[in-house]
Amino acid sequence: MAVRFDSFSLTEITAKPEDAFRLASLIMAEGQRVQGYAGDYYRYYMGDAMAVVRTMLDPESGEELLLGMDTHAVSKCQWTCRVEKDLTAEGADPLQRRLLVRGESGEDCAVVDVLCADALPSIESGCVIQLNMAGFPLRVDYSEGPCRSVVSAQEDTVLLQGVVKDAKVGESYLGMEPLTKFLSVTVSTPLGDIELCHPMDLVKQSQTESIRPGAVVSALCHLSGDAAAGAYAGGIVFSEENALIVLRQFFQKGDAARLRPILRSDCACTFLENRQEGGENALALLEMVGKQMREAGFTTCVPGKLTGVDRENPPPAGKTGQRCLLLGSGPDQFAFICLLETDSLGRAREILITNDSRYDCEPEA
């Protein structure tokens, strides 16, 4: 999706399949691991350029599978944006994501290929996410004069116009070996600053003098946004809130494998009278329960809280005010609740799924 080695003049290092595999192997061996829920990413800095490899475990062999590779710029340009729609192509691997996003104000919107998307507990329409942004122009023009800043989404590209804030010559390296030079231009847009990276030969000779701060840049781009930014720079953030989000996604859509990272090795899961101890046993029980719930039509899962428990005959866990998940067949038709106990690091120690009448609960506002 976001494989644009040509934007860094690096096409030759992946020209042959064996070259691309050799680079991916180097990245997995020496790159920074970014943990995701269903798989991991490896981020490798190549001077002012960056490559990211997507991997996940083969459930049958237990070996790490190489899914693909993306490119990005070493950028400090962050966007805070709202997800409008998931545009991920059918057949994309589980760690790929393409989104239509909008700024927190205004009408400007963009199509963004999201790197390290699985480091986030969920990406749903309406949620706000932070992305470290880079753009790879297919066409670009630099000019003088007034500017009407705009970001407009096309089918899989973006029309962008903004004011140049900084322009420099970026450099790529492999280890200590210098490889290529390219233009790295910071541009102000309605959604935030973005780093545009492209070879010099993409610019018309008559426009080279306009590559400077204060100039106007207009470009047709592919945009890349790294979700491993801010609090998620190192990957998964463990917390009760994120664990409940991942559990809610599981009850709604399946994919039990995404639960594995949030479970402690000694995690216990109880469903009615069935209790399983140990992370893998708990995961197997959750997978069975999730399947049965979906087959029974219990696909509604919303955040809730306990409003009270029977004081004279108290249930085995839970306290008034505790957050939970409500499971059922529709709004106000809840049959089960799911309670979660986490440790000090935010990982699940105990999961209880019950229809015990000693609990009173209600959906969160």
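Heavy-atom basis, side chains included; hydrogens, waters and symmetry copies ignored.
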Can you name the residues that form a side-chain hydrogen bond (donor to acceptor under 3.5 Å, both in side chains) with [X], not counting sequence neighbours?
X: Ser172; result: Thr180
X: Ser75; result: Asn132
X: Arg347; result: none
X: Arg82; result: none

Could you give the side-chain donor-acceptor pairs of residues 297-304 under 3.5 Å, partners two or more places apart or in another chain?
residue	atom	partner	partner atom	Å
Thr300	OG1	Gly330	N	3.3

Next on the checklist: Going by ring-ring contact (aromatic ring centres under 6.0 Å, His included), name the residues that satisfy it together with Phe271, two or more places apart in sequence or in a different chain.
Outcome noted: Phe336
Next on the checklist: Tell me every residue that passes ring-ring contact (aromatic ring centres under 6.0 Å, His included) with Tyr41, counting only those two or more places apart in sequence or in another chain.
Outcome noted: none
Counterpart residues, salt bridge (charged side-chain N to carboxylate O under 4.0 Å, His left out), relative to [X] (two or more places apart):
X: Glu364; result: Arg323
X: Arg294; result: none
X: Glu341; result: Arg349

Checklist entry - Thinking salt bridges, do Arg275 and Glu350 make one under a 4.0 Å N-O criterion? => result yes
Item to check | Qualifying side chain to side chain donor-acceptor pair (under 3.5 Å) pairs with a residue from residues 233-245, counting only residues at least two apart or across chains | outcome: Tyr232-Asn242
Checklist entry - According to the salt bridge (charged side-chain N to carboxylate O under 4.0 Å, His left out) rule, which pairs have a member within residues 188-217, sequence neighbours left out? => result Asp141-Lys204, Glu144-Arg212, Lys165-Asp193
